[in-house]
Amino acid sequence: MKKKKLLLISQSGRGGVRKHLCDLLTSLDYKKFEIWIAYNDDEVDEIFKYTLESLRGKVKPIIIKEMVRELNPKQDWIAFKKIRRSIKEIKPDIVHCHSSKAGILGRAAAKIVGIKQIYYTPHAYSFLATEFSVKKKRLFIYLERFFSHYATTLTFTVSEGEKESALKNKVDSNEKFKVIYNGLKDIKILSKIEAREKLGLPQDKFIFGNIARICEQKNPIYFIEVAQKNPDYYFVWIGDGDLREKVKQEILYRNLKNICFLGNRNDAGIMVAAFDVFISTSKYEGLPYSPIEALRAGVPVLLSDVVGNNEVVLSHRNGEVFDLNSSNWNKRLDEFRKWQKKKTSIEIRQTFLNHFSLDKSIKELTKIYLNNE
């Protein structure tokens, strides 16, 4: 069988998008695909770089430094022309764009060149972001509608909730969407004692932890407020981001001793085993990887009741959701701890094995790539 040429386009190689792309690149069958990836190498982390280096000779990189996150007409126009030129040279059978900026530039270029299979994975629609004004959200919805109707074969959403948000905002009709959950490879899990030793965390504390960027979307100030209301528990955040200084100031101002922010770690997906409970305070999501990593480690999850998060939780089986307007946090965490004591890590892990297998996700995607002419 002749190999299909696949071009992946992504502005960023960090966080959940990076995780998705790295898993995709290391799991696709190179006997079936010849693969290129276009990205801005100023917007990637060390894991992304390591993954591409390990796949040298298999994956061909295309560096587009002008593909930046912010709206920038001059840079966007240059990035568009570079993507279009690359598509003309490669003549890919498939173009798959990831996240909003690449989704606009990549789909526009692919459509103009005449590519038949054009796919898009938003990784949480921009119009769901709480930090944007109503005017900007309307613009994002209009752009998503236009490109979905005229330059997209299928949009892959990572949760049913993300798909429902698209339908609610009339981005396109139902048949233009396919839900493919984020999946993870199963790996050897550290013990709680080992993980805490490596992180320098106390062995005698009950720890609520999170792994996320320190940004508006992930809601770190709310996390700090929960820690302040629960001095008997210890709170840990692994990750970094543009709100790091604000977070430091908040912790100093509140004089909190039961919380620490550990910064970025390339082994965060393994270190989640150090937590007794994984807690997310996110304002919106697509389908986040970190709580799935927690389930893989046998750690129950307590997640804000937003799109994506509420599909990771199987109520009373692997965790619970909470309203971001919740109060009475002392009682809530005490009750969740009592529930957690009744569950075994094996029970929690089984929900990961049943619902969030990477093999299942890759098989679904490969089938569409190969059969959806």
Would the distance check show the side chain of [X] and the main-chain N or O of [Y] forming a donor-acceptor pair, the cut-off being under 3.5 Å?
| X | Y | answer |
| --- | --- | --- |
| Asn40 | Val68 | no |
| Thr51 | Cys22 | no |
| Lys205 | Pro202 | no |
| Lys3 | Tyr30 | yes |
| Thr281 | Asn219 | yes |
| Asn309 | Val321 | no |
| Glu89 | Ser86 | no |
| Lys4 | Tyr369 | yes |
| Gln203 | Ile193 | yes |
| Lys101 | Glu70 | yes |

**OP:** Check the pair Ile94 / Ile118 against side-chain contact (heavy atoms from CB on, under 4.5 Å), numbers first and verdict last.
**Re:** CA-CA 6 Å; Ile94 305 158; Ile118 305 173; over 6 Å; no
Ion pair check, [X] and [Y], cut-off under 4.0 Å:
| X | Y | answer |
| --- | --- | --- |
| Glu43 | Arg69 | no |
| Glu335 | Arg332 | no |
| Lys65 | Asp41 | yes |
| Asp267 | Arg265 | yes |
| Glu53 | Arg56 | yes |
| Asp93 | Lys116 | no |
| Lys178 | Glu364 | yes |

Original post:
With respect to Glu34, which candidate in Lys2, Lys60, Lys5 satisfies the salt bridge (Lys or Arg N to Asp or Glu O under 4.0 Å) definition?
Top reply: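 The residue from Lys2, Lys60, Lys5 that satisfies salt bridge (Lys or Arg N to Asp or Glu O under 4.0 Å) with Glu34 turns out to be Lys60.
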Would you give the length of the straight line joining atom [atom1] of [X] to atom [atom2] of [Y], rounded to the nearest 0.5 angstrom?
| X | Y | atom1 | atom2 | value |
| --- | --- | --- | --- | --- |
| Leu6 | Phe33 | CG | CZ | 6.5 Å |
| Ser304 | Lys283 | OG | NZ | 11.0 Å |
| Met67 | Asp42 | CE | CG | 11.5 Å |
| Ile78 | Asn72 | CD1 | CG | 8.5 Å |
| Cys260 | Ile238 | SG | CD1 | 8.5 Å |

Under a plain distance cut-off of 3.5 Å, with no hydrogens placed, do [Y] and [X] share a side-chain donor-acceptor pair?
| X | Y | value |
| --- | --- | --- |
| Ser280 | Asn210 | no |
| His98 | Tyr120 | no |
| Arg254 | Gln228 | yes |
| Asp172 | Ser148 | yes |
| Ser159 | Glu162 | no |

Hey, are the side chains of [X] and [Y] touching, using non-hydrogen atoms and a 4.5 Å cut-off?
| X | Y | answer |
| --- | --- | --- |
| Glu144 | Ser100 | yes |
| Val158 | Tyr181 | no |
| Arg196 | Phe275 | no |
| Arg349 | Leu295 | no |
| Leu154 | Glu175 | no |
| Glu66 | Lys74 | no |
| Arg18 | Val44 | no |
| Ile62 | Leu7 | yes |

Classify the ring geometry of [X] against [Y]: parallel below 30°, tilted from 30° to 60°, perpendicular beyond 60°.
| X | Y | answer |
| --- | --- | --- |
| Trp77 | Phe80 | parallel |
| Trp237 | Phe261 | parallel |
| His123 | His20 | perpendicular |

Enclosure of [X] [atom1] (heavy-atom neighbours >12, cutoff 6.0 Å):
| X | atom1 | result |
| --- | --- | --- |
| Ile112 | CD1 | yes |
| Lys58 | NZ | no |
| Lys170 | NZ | no |
| Leu252 | CG | yes |

**OP:** Take Ile221 and Lys246 through the test side-chain contact (heavy atoms from CB on, under 4.5 Å) and record every step on the way to the result.
**Re:** CA-CA 9 Å; Ile221 304 304; Lys246 183 176 181 179; 4.3 Å; yes
**OP:** Applying side-chain contact (heavy atoms from CB on, under 4.5 Å), run through Ile270 and Ile189 and close with a yes or a no.
**Re:** CA-CA 7 Å; Ile270 300 171; Ile189 304 300; over 6 Å; no
Original post:
Looking at Phe336 versus Phe322, is the centre-to-centre ring distance below 6.0 Å?
Top reply: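 No - the distance between ring centres of Phe336 and Phe322 does not fall below the 6.0 Å cut-off.
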Original post:
Partners of Asp334 by side-chain contact (heavy atoms from CB on, under 4.5 Å), sequence neighbours excluded?
Top reply: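 If we apply the side-chain contact (heavy atoms from CB on, under 4.5 Å) test to Asp334, skipping adjacent residues, the hits are Tyr233.
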Original post:
Are Val95 and Leu370 linked, directly or through other ILVMFWY residues, by side chains that come within less than 4.5 angstrom of each other?
Top reply: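 Each belongs to a different hydrophobic cluster.
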Original post:
Transitively linked via ILVMFWY side-chain contacts under 4.5 Å: Val299 with Ile187?
Top reply: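 Yes, one cluster joins them.
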Subject >> Results of ring-ring contact (aromatic ring centres under 6.0 Å, His included) for Phe127 - residues two or more places apart only >> reply: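 With neighbours one apart ignored, the set is Tyr125.
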**OP:** List the steps, then state whether side-chain contact (heavy atoms from CB on, under 4.5 Å) holds for Tyr39 with Ile9.
**Re:** CA-CA 6 Å; Tyr39 63 98; Ile9 305 174; over 6 Å; no
Original post:
Of Asp204, Ile207, Asp276, which meets side chain to side chain contact (heavy atoms under 4.5 Å, CB included) against Tyr234?
Top reply: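 Of the listed options, the one satisfying the test is Ile207.
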Subject >> The single option from Trp329, Phe278, Phe208 passing ring pair (Phe, Tyr, Trp, His ring centres under 6.0 Å) against Phe235 >> reply: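 With Phe235 as partner, ring pair (Phe, Tyr, Trp, His ring centres under 6.0 Å) holds for just one option, Phe208.
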Subject >> Chi angles and distances behind the side chain to side chain donor-acceptor pair (under 3.5 Å) call for Lys343, Asn318 >> reply: CA-CA 8 Å; Lys343 305 296 289 186; Asn318 63 11; over 6 Å; no
Subject >> Pairs flagged by salt bridge (charged side-chain N to carboxylate O under 4.0 Å, His left out) wherever residues 285-312 is involved - sequence neighbours left out >> reply: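 Only Lys218-Glu285 qualify under salt bridge (charged side-chain N to carboxylate O under 4.0 Å, His left out).
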